[in-house]
Every structure is written in structure tokens, then in C-alpha cells.
Amino acid sequence: VLNYEIEKWDTSGISTLWVKIPQIDSASSTDYVYMYYGNSGASATATTTGVWDSNYVTVQHWGEDPAGSAPQFQDSTVNNKDGTASSSQVGGVVVASTTAGKFGSGLDFNGNTQFVSQGETQLAPLANGSAEFWFDIDTVAASSTNRYLFSRVKSGSNDGELRVYVDTASGSVNRDKIVYQIECTVPSTISPIATSTASTTVDSWYHVTAVWDDDTAGAMKLYVNGSQVGYSNTTTCGSEATAVVTMQGKNNALNNGYFDGQMDELRVSNIARSADWINASYAAGQDTLNTYAAAESGGGPLSVCTAYNT
């Protein structure tokens, strides 16, 4: 039996499950995965934490109720690095609302007050790593600040701070593009930047992965929809030496740059994921990694669905 996690089970609609498959060779037509369902007498044996390899620091599906008790967004790995729905609204807490995500449910941010936070002890500094997520922006109208997607920054100049955002600043040369930046003050004040080549548009889901490696020139890479779209030849100036709050949906140092749109499926790793890994992750999200056979009846209260690689 393979390790699997049930994010959402809907007997009359679309269900979302995550399955760890040891190996399926490229272009194989002989490797199969079988899913058995429909037996009311069988017990669920989901092994949620077994799905995600040891290099994952946190995996959050963001399908939980944001208005529930904090931390609302449960980490599916063994690390228990949960996320908290937050708001900067004075006089009351108005957290992001649940909406239809890329997979199951996701979060809808209002662009003014809402964000998700990971405390300083939740996501420690990483010399090598990857951060990936899906987003669908509601507006790319010019604003005084950018729309932040992933932020590990604090006030002042600090080496190793990283941020990923949609550039909506008026007059910017990167207007409407996805920007990935690591701040550096030593040996120079030039902060490596990787930028997407195409502009973002509203009502479209984008898969973004930011990769970094302190010791390797050219290892700072930005992937959008499974393809590398930008990189920096500069050896990054090192990861942050001290812990810092990580946020999705705003610039956590300046308390601005709120994101307006939907986000789903945050995953942070402690290694620089490979191009093949990132492409496979995107293809899985687009449901193009595998093909599926029709369900077969088992002669009783049981059905079988077959999936195989293409």
C-alpha cells in the first residue's frame, strides 16, 4: 500500500489526494498505480506524513478554516511547521477566506489586510532551499507597492533576506512580472534578482518555485509553470543568520505589499530542488503527469482506477 494523504474527499464531487509513488520511469506504459474505493466496510489508512520526503520543511494545503483556532494551516510533514491566518486590521481580525483553490480549497486574500505567517521558530534560516506555491492574482493595477507572495525580510539591510512578488509598482521596468530577490549588502550592495520573462494576467493560476544555494553561482533560480524563467549568476551572500518571520501575502518588514487574489499549496524544502523535480510538480498540478484508465467494477462495492505515466 502506498503512502497517501486525503486533502479533500467529496463523494459527489472532486476529491484531492496526494500519493507518494516510489518510481515510475519516464514514458513507461507498464508502471501502474491502482486506487481502490467504494467499500464502506474498509477503514482509511492514510499515512499523511509519509507522503512527503525528509527534505520538506513544511507542506501546507491551506484548505482549513482560516477563522478556526491558530495555527489554522496544518503542516503535512513530520515537522509540525504550521501556518497562521493573520490580519493587520485594527479593531478586529478579518482573516483570508476559504475559496476554491488550485487543489480542493485555497485562500482568498483581499489585498489590504490579510496574510499567512510562519513564526520565527517555524521556518529556520536555510542555506539551501526551495519555496513553491500556486497563485491567481485578481488585479495587476499599478500601486505604490508590489504584491508580495513569499517574504522572509525584516527592517533594515540584512544579507540573505528573500522575497517573491508580482511587481505592480508604477513605472517599474519589471511591471507585472514575477520577481525573486535576495538582499545583499556584503561584498556589494547589489541584490541578485531573477525575473520572469512574461507578464502575469488576472484569472490564471501560476506555479512558482524559488530556488537558492548559498555556495553555488547561478543557483538562484526562478521557475514559473515548471520552466526556469530567470536566474542570477551571482553567488548569493548567504542565508540569514538569525530567525525571521516568514509571510505569504505581504511584505513582513514594511507591513505593506498585500496580495490580492488566491493562493494555494505552500511547500518549503531544505534543498535546491532540481529542474526535473519542479517540472514534475507542476505537471502533477496540471494533471498532465499521468493518464488514467476508466474505473473498473470489482463485482461488489469496490471500484478500481488505474493511473500510469506518459
Side-chain angles (χ1 to χ4, degrees), residues 1-24 32-85 96 98-107 116-119 121-124 126 129-134 150 207 209 246 248 262-271 273 277-278 280-287 289-290 292 302-307 309:
V1 177
L2 298 174
N3 288 314
Y4 70 94
E5 175 186 3
I6 301 175
E7 178 181 347
K8 180 180 180 180
W9 187 258
D10 185 349
T11 57
S12 60
I14 298 176
S15 299
T16 304
L17 294 84
W18 302 97
V19 183
K20 185 175 183 178
I21 301 171
Q23 177 176 325
I24 295 182
Y32 299 92
V33 176
Y34 297 94
M35 182 177 73
Y36 298 87
Y37 61 97
N39 183 354
S40 59
S43 59
T45 58
T47 52
T48 298
T49 58
V51 174
W52 311 99
D53 72 31
S54 60
N55 295 122
Y56 280 114
V57 177
T58 189
V59 173
Q60 298 173 27
H61 303 306
W62 288 354
E64 297 88 347
D65 181 3
S69 299
Q72 294 89 343
F73 309 121
Q74 300 301 300
D75 177 14
S76 291
T77 75
V78 298
N79 301 313
N80 293 319
K81 305 295 186 182
D82 304 326
T84 300
T98 305
T99 187
K102 178 64 178 176
F103 318 99
S105 299
L107 295 177
V116 174
S117 65
Q118 329 283 331
T121 60
Q122 291 295 84
L123 297 180
L126 298 171
S130 309
E132 65 174 298
F133 48 83
W134 292 78
F150 187 88
H207 178 252
T209 306
T246 303
Q248 297 80 51
Q262 297 74 50
M263 293 186 70
D264 200 2
E265 199 63 26
L266 171 70
R267 303 178 188 177
V268 179
S269 302
N270 59 16
I271 60 171
R273 295 290 186 182
W277 179 284
I278 294 167
S281 182
Y282 168 69
Q286 290 294 91
D287 210 12
L289 184 64
N290 304 302
Y292 302 89
L302 178 68
S303 296
V304 182
C305 180
T306 307
N309 201 322

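What you see is a predicted model; the values in this text were computed from it and never measured.
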* When you measure from the side chain of Gln286 to the backbone N and O of Tyr282, does any donor-acceptor pair fall under 3.5 Å? -> no
* Do Asp287 and Tyr292 meet the criterion of a side-chain donor-acceptor pair at a distance under 3.5 Å? -> yes
* Structure fact -> Residue set satisfying side chain to side chain contact (heavy atoms under 4.5 Å, CB included) with Asn3, at least two apart, ordered chain then number -> Lys20, Thr47, Val51
* Considering only heavy atoms from C-beta outward, does the side chain of Gln118 approach that of Leu266 to under 4.5 Å? -> yes
* When the ring planes of Trp52 and Trp18 are compared, do they come out parallel, tilted or perpendicular, using 30° and 60° as the limits? -> tilted
* Is there a donor in the side chain of Asn80 and an acceptor in the side chain of Asp75, or the other way round, less than 3.5 Å apart? -> no
* Compare all side-chain heavy atoms of His61 with those of Glu5 and state whether any distance is below 4.5 angstrom. => yes
* May I ask you to test the Phe103-Glu265 pair for a side-chain heavy-atom distance under 4.5 Å? => yes
* Asked: With a 4.5 Å heavy-atom cut-off, do Thr77 and Thr49 have their side chains touching?
  -> no
* Could you label the plane-to-plane angle of the Trp277 and Tyr56 rings as parallel, tilted or perpendicular, counting under 30° as parallel and over 60° as perpendicular? => tilted
* **Steps toward side-chain contact (heavy atoms from CB on, under 4.5 Å) verdict (Phe73, Leu107)** => CA-CA 11 Å; Phe73 309 121; Leu107 295 177; 3.6 Å; yes
* **salt bridge (charged side-chain N to carboxylate O under 4.0 Å, His left out) partners of Glu132, counting only residues at least two apart** => none
